[in-house]
Amino acid sequence: MRRRVREILIIGAAVSALAACGQSPGAPNTTVGYGPNPTLPEPSRSLLPTVKISKVVGWSNDAKPRAPAGFTVQPFATGLDHPRWLLVLPNGDVLVVVVEERPTIADVEFAGTREFDKEVLKKAMRDVGLTEGRPFDKALADRAEQELKRQYINRSLYGAEVVTTVTPIERNRVNLTFTVVEGEPARIKEVRVNGNKAFSESTLKGLFDQDTGGWLSWYTKSDRYSRTKLNADLETLRSYYLQRGYLEFRVDSTQVAISPDKQDITITVNVTEGERFVVAGVKLEGNYLEREDEFKSLVSIRAGEPYNADQVAETTKAFSEYFGRFGFAFSRVEAVPEIDRENNRVTLVLQAEPSRRAYVRKINVSGNNRTRDEVIRREFRQYEAAWYDGERIRLSRDRVDRLGFFTEVNVETQDVPGAPDQVDLVVNVTEKPTGSLQLGAGFSSAEKVALSFGIKQENFFGSGNYLGIDVNTSKYRRTLVFSTTNPYFTQDGISRTVDLYYRTDKPYEDQGGNYELVTTGASMRFGIPFSETDTVFFGGGFEQTQIKAGTNIPATYLAYANTYGATSNAIPLTVGWSRDDRDSALAPNSGRYQRLNSEWSVAGDRKSVV
């Protein structure tokens, strides 16, 4: 091999020398382009670069490369599409590396899918890498096929068949098609509950969301089996017994059987009820911060009544929240039952450990893509660098939820690594649309074209301010209204509302008459918070009412004009009160919203009390 390399180098050097000797006097000297300091020609400054690509020409069947004297050329292997490298292994074998490029996906289609939307399926495939322009992966396509079958099984379509077809097309591309034969969904034929004694089987089956179907099953799909729904039904069954004294109730097993034709499903639930226990009493053990009487007032468990797991959970939650009011964010409260099996009675021991007291290091806000942090933080009554207070955190959460800007508000407590006496609060919010836009146009022979425009935004540019504009160009009922509210006009939480309005009203031509009523006004109100839930409103305004005389004017308008004049002014003062202690403005579970308003026109041509 070394001898051959030397021969090639010698031949190459000889050819280079002959080429240099054979240069004509007018030809460019190419030798100056070599060496440590080559002389290069000036670059070509053409608009388009010159690209020279060699044309690949394959060998014909009887043609071979020409070799120097003393060498022969013999074919080593044939039938290889893309050979790249030849490697000689230590044992003398020759390894030929053949590279075959993966085809590219040209299109992904679904056929026969009625249960799922095709666009949703395409998006799911795009997320896993099966989409146009991506390399085709057979293993990935097989996993997608199995996942699609699993989704059909979750919808009780056990007989669904999925076939993946890969169709090669030009330029090393493939079309990927998932063909689905959905078949008919399997229906729940029977639901059985074994081991029940205290309650009838029909009563227990009535607790389940899954059943054998009814006249609304085509809509509710209650006769379609789902493992998730079955787990929820079992939890409902367990809660039903635990609320009625069956402290030791348990679900032993569940069996789901499907018919050979995969059309009928039978569900069997095996339970053990146990004995029914009555609460003998409640005892407190542990550290209650020398406030046992205050904690006892929070106990909702009633002695002499059947054991109720909901009452136990409510009591332990109330204890944990009450510990939180004193800064104990990591308190542990556990209800330990002491069972008297001879008399079927149980004594609940509430063991409490307040653990360590903590203060809040930071308050972080997440999920507010549009609403500014300030809008949320100014509603918080739990402050940073202050002792943890569960009651203030709950109040802060409710105040944020009462804004009406979010569908969900949650406050999470996170430990601070390396600081056992510190916690961080994370406020997670989910925003909802807070504005509406109305555009309208109408045409009639009486007033020709009438346009209307309205916009209401409760969270204007994420600032928490309200803005409302209403415009109507109708010839007979023209309206221009502007309203804005700044809930934090001052840092103390005093709100300010400004209203401007202009309205005209006159009868249609077919009603007769050409009189007109024009109302113009402006007002300003301030809301002063006197407590966390109570606000008192004060305000004043100016309103001018003008009656333009015409034919067929109503008698009430004439009487008003005779009393106060065709143009009258009024200066009304407003006083109001509101109380809002709801836990949510969108879907409240507790609390009330009350409001009272009064208006007194103290000056001007017209005086009145409303």
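In what follows, residues are counted from 1 in the order of the sequence shown.
- Of the N and O atoms on the side chains of Gln243 and Asp310, at least one donor lies less than 3.5 Å from an acceptor on the other residue.
- A donor-acceptor contact shorter than 3.5 Å is absent between the side chain of Asn486 and the backbone of Ser495.
- Under the salt bridge (charged side-chain N to carboxylate O under 4.0 Å, His left out) rule, Arg187 has a single partner from Asp261, Asp264, Asp223, which is Asp223.
- By the 30° and 60° cut-offs, the orientation of the rings of Phe249 relative to Tyr241 is parallel.
- Salt bridge Glu119/Lys123: absent, no basic N to carboxylate O contact under 4.0 Å.
- Residues Asp581 and Tyr593 are not in side-chain contact: their nearest non-hydrogen atoms beyond the backbone lie 4.5 Å or more apart.
- The cationic atom of Arg345 (NZ for Lys, CZ for Arg) does not lie both less than 6.0 Å from the six-membered ring centre of Phe277 and within 45° of the ring axis.
- By the 4.5 Å heavy-atom criterion applied to side chains, Leu403 and Asp401 are not counted as neighbours.
- No donor-acceptor pair under 3.5 Å is formed between the side chain of Gln263 and the backbone N or O of Ala186.
- Salt bridge status for Glu384 with Arg377: present, with a side-chain N to carboxylate O gap under 4.0 Å.
- Taking NZ of Lys262 as the start and CG of Leu157 as the end, the distance is 11.5 Å to the nearest 0.5 Å.
- Using a 4.5 Å heavy-atom cutoff, the side chains of Val251 and Val269 are in contact.
- The side-chain tip of Arg496 does not point at the ring of Phe526 from less than 6.0 angstrom away and within 45° of straight on.
- The pair Asp534-Arg579 counts as a salt bridge, with a side-chain nitrogen and a carboxylate oxygen less than 4.0 angstrom apart.
- Between Lys432 and Phe406, every side-chain heavy-atom pair lies at or beyond the 4.5 Å cut-off.
- Between Glu294 and Arg291 there is a salt bridge, with a side-chain nitrogen of the basic residue lying less than 4.0 Å from a carboxylate oxygen of the acidic one.
- Under the 4.5 Å side-chain criterion, counting only non-hydrogen atoms from C-beta, Tyr246 is not in contact with Tyr307.
- Between the side chains of Asn368 and Thr371, no donor-acceptor pair is found at a separation under 3.5 Å.
- For Tyr359 and Tyr388, the ring centers sit 6.0 Å or farther from each other.
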Decide yes or no on side chain to side chain donor-acceptor pair (under 3.5 Å) for Asn270 and Ser253, but give the supporting numbers first. CA-CA 5 Å; Asn270 301 307; Ser253 63; 2.9 Å; yes
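- Under the 3.5 Å distance criterion, with hydrogens and angles disregarded, a donor-acceptor pair is assigned to the side chains of Thr497 and Thr485.
- Using modelled atom types, one finds no donor on one side chain facing an acceptor on the other under 3.5 Å when comparing Glu190 with Thr212.
- Looking at heavy atoms from C-beta onward, Asn465 lies out of side-chain contact with Tyr488 at the 4.5 angstrom threshold.
- Ile267 has its side chain out of reach of Gln255: every pair of non-hydrogen atoms, C-beta onward, lies at least 4.5 Å apart.
- For Ser300 (side chain) and Gln311 (main-chain N/O), a donor-acceptor pair under 3.5 Å exists by modelled atom type.
- Note that Arg595 lies in the cation-pi zone of Phe537, set by a 6.0 Å cut-off to the ring centre and a 45° limit from the axis.
- Annotation: the span from Asp389 atom CG to Arg325 atom CZ amounts to 7.0 Å, rounded to 0.5 Å.
- Seen from the ring of Phe116, Arg114 does not count as a face-on cation partner, given the 6.0 Å and 45° thresholds.
- Remark: the backbone N or O of Glu275 is not paired with any side-chain donor or acceptor of Glu248 at under 3.5 angstrom.
- Between Arg381 and Glu532 there is a salt bridge, since a side-chain N of the basic residue sits under 4.0 Å from a carboxylate O of the acidic one.
- At a threshold of 4.0 Å, the pair Asp233-Lys229 does not count as salt-bridged, since none of the basic side-chain nitrogens sits closer than that to a carboxylate oxygen.
- Here the CG atom belonging to Asp340 is positioned 4.0 Å from the CG atom belonging to Asn343, to the nearest 0.5 angstrom.
- The backbone N or O of Asn410 sits nowhere less than 3.5 Å from a side-chain atom of Arg397 that would complete a donor-acceptor pair.
- Here Glu115 pairs with Arg155 in a salt bridge; the nearest charged N to carboxylate O distance falls below 4.0 Å.
- Under 4.0 Å is where a charged nitrogen must lie from a carboxylate oxygen, and between Glu235 and Arg238 at least one such pair does.
- By the 4.0 Å N-to-carboxylate-O rule, Lys118 lies too far from Glu109 to be salt-bridged with it.
- Looking only at side-chain heavy atoms (C-beta outward), Glu285 and Leu350 stay at 4.5 Å or farther from each other.
- Arg370 places no side-chain N or O within 3.5 Å of a backbone atom of Pro433 that could act as its donor or acceptor partner.
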